[in-house]
Amino acid sequence: MESSGKTVVVELFTSEGCSSCPPADALLQRLAAQQTVAGAQILALEEHVDYWDHDGWVDPFSSPAWTERQQDYAALFKNDPYTPEMVVDGRSGFVGNNARQAQAEIEKAARSQKIEVAISSETPPAKGSGRFRVRIGQLKESTAGEVAEVWLAVTEDGLHSSVSHGENAGHTLRHVATLRSLRKIGVADAHADSASFSAEPAVKLDTRWNSANLHVIVFVQEKRSRRILGAASSAVNRETASQAISAGPALATR
């Protein structure tokens, strides 16, 4: 799937142990499902931090790596990490259940210049792995001293938990685009005349994940400014992806 030129990455730092997070989770679900923000194609990343895991409930989707990613943003925005926090295209961070601000920031991000990003399945995903073809177009702008890193994420829709302890005890929490893995696959070449990056990375897929609900997202992010310059997404299993919408949530697995 190739970027339309107005793709916007919306990250939500959240936790099942935080009572303020479910409304933000629901907002992210609406943004991703309804795609009603003018001029934007929203790619969601729901990132569960681990610093709530000591307050009565261990979030099965949490990771210290997602906490570290939020800390990088906190250093940039000059604040302390908190939940829920929504970050739009790496450029702005705000309270994650603020629908009005989310709308405004996504619209603003969609008006910014984007680079061309394309991702497609190179081989049919086999059990435990898949290979994808990634191509990044020419960098349209460059900042002195910046490095445009290319990142590959795997997300899973339809996850849920029945929370038995902590601030959300007694509630069933549902999620969208839960981040399962994230790794840097290279650096875009700012001096390239055409494609600034191309590769065919192998993607590890945990057999406990529901392949019908998986997406691979590629985005280009500046190392220092944290600005996301472009992104694209591809369903891992195109044949069953459409069925996943009506299949209901998968069992919560780590």
Side-chain angles (χ1 to χ4, degrees), residues 1 6-52 59-63 65-67 69-70 73-74 77 81-110 151 153-161 163 167-168 171-182 209-210 213-219 221 226 228 231-235 241 244-245 248-250 252:
M1 174 179 174
K6 296 184 179 180
T7 303
V8 177
V9 176
V10 179
E11 300 179 70
L12 177 65
F13 294 95
T14 185
S15 172
E16 291 189 342
C18 162
S19 61
S20 301
C21 287
D25 298 345
L27 173 59
L28 187 69
Q29 291 174 40
R30 291 196 301 273
L31 290 170
Q34 298 175 9
Q35 296 286 333
T36 56
V37 179
Q41 177 195 348
I42 296 169
L43 296 183
L45 292 174
E46 187 177 281
E47 300 167 51
H48 291 235
V49 297
D50 68 344
Y51 49 81
W52 281 91
D59 187 331
F61 312 116
S62 65
S63 169
W66 315 154
T67 298
R69 182 169 174 82
Q70 188 186 25
Y73 282 128
F77 300 144
Y82 65 90
T83 56
E85 182 182 24
M86 191 169 284
V87 177
V88 175
D89 259 358
R91 301 168 189 246
S92 62
F94 51 92
V95 177
N97 54 22
N98 189 329
R100 180 173 297 181
Q101 188 166 4
Q103 174 103 10
E105 294 294 345
I106 294 169
E107 288 178 351
K108 180 180 178 181
W151 291 86
V154 178
T155 65
E156 183 172 359
D157 293 329
L159 295 172
H160 77 277
S161 292
V163 180
E167 292 188 359
N168 290 311
H171 295 277
T172 297
L173 305 182
R174 303 184 183 278
H175 309 294
V176 67
T178 303
L179 189 58
R180 286 303 206 173
S181 68
L182 177 66
W209 302 345
N210 186 343
N213 291 352
L214 296 179
H215 284 79
V216 174
I217 296 173
V218 171
F219 60 92
Q221 185 167 34
R226 312 301 294 165
I228 293 178
S233 173
S234 175
I245 297 174

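Scope of the values below: all heavy atoms of this structure, side chains included, with no hydrogens, waters or symmetry mates.
V8 and V88 get closest at one heavy-atom pair: CG1-CG1, 3.6 Å. In this structure, L12 and G96 approach most closely via the heavy-atom pair CD1-CA, 4.1 Å. For the pair A32 and A44, the tightest heavy-atom approach, listed with the atom from each and the gap, is CB-CB, 4.1 Å. Here the closest heavy-atom approach between residue L45 and residue A153 is recorded as CD2-CB, 4.2 Å. The minimum heavy-atom distance between V9 and A231, with the atom names listed, is CG2-CB, 3.6 Å. When all heavy atoms are compared, the tightest approach of W52 to S15 is CB-OG, 3.2 Å.
Side chains of Y73 and E11: a donor-acceptor N/O pair is present below 3.5 angstrom, by distance only. Q70 and E47 are not linked by any side-chain donor-acceptor pair at a separation below 3.5 angstrom, with hydrogens and angles left out of the test.
When each of L179, L173, L159 is paired with F61, the side-chain contact (heavy atoms from CB on, under 4.5 Å) condition holds for L159 and for no other.
Put simply, CD1 on I217 and OG1 on T155 are 4.5 Å apart, with the number rounded to the nearest 0.5 Å. Remark: R180 CZ to H215 NE2 distance equals 15.0 Å, nearest 0.5 Å. Atom CG of D157 sits about 13.5 Å away from atom CZ of R174, to the nearest 0.5 Å. Considering CG of L182 and CZ of R69, their distance stands at 5.5 Å, rounded to 0.5 Å.
The stretch residues 18-30 participates, sequence neighbours left out, in these side-chain hydrogen bond (donor to acceptor under 3.5 Å, both in side chains) pairs: T14-D25, S19-E167.
For N97 (side chain) and C21 (main-chain N/O), no donor-acceptor pair under 3.5 Å exists by modelled atom type. For N168 (side chain) and E16 (main-chain N/O), a donor-acceptor pair under 3.5 Å exists by modelled atom type. Distance alone, capped at 3.5 Å, is enough to place a donor-acceptor pair between the E156 side chain and the N210 backbone. A donor-acceptor pair under 3.5 Å is absent between the side-chain atoms of Q103 and the main chain of V37, judged by distance alone. The closest donor-acceptor contact from the side chain of Q41 to the backbone of K6 lies at 3.5 Å or more, if one exists at all. Not one N or O on the side chain of S161 forms a donor-acceptor pair closer than 3.5 Å with the backbone of V163.
T67 is linked by a side chain to side chain contact (heavy atoms under 4.5 Å, CB included) to V49, D50, Y51, Q71, counting only residues two or more places apart in sequence or in another chain.
Two residues are said to be in side-chain contact when any heavy atoms from C-beta on lie closer than 4.5 Å; M86 and V10 meet this criterion. Side-chain contact between R226 and V87: absent, with no pair of heavy atoms (C-beta onward) separated by less than 4.5 Å. Counting only heavy atoms from C-beta outward, the side chains of R91 and E105 never approach each other to under 4.5 Å.
The aromatic rings of W151 and F219 sit parallel, their planes meeting at an angle under 30°, below the 60° perpendicular limit.
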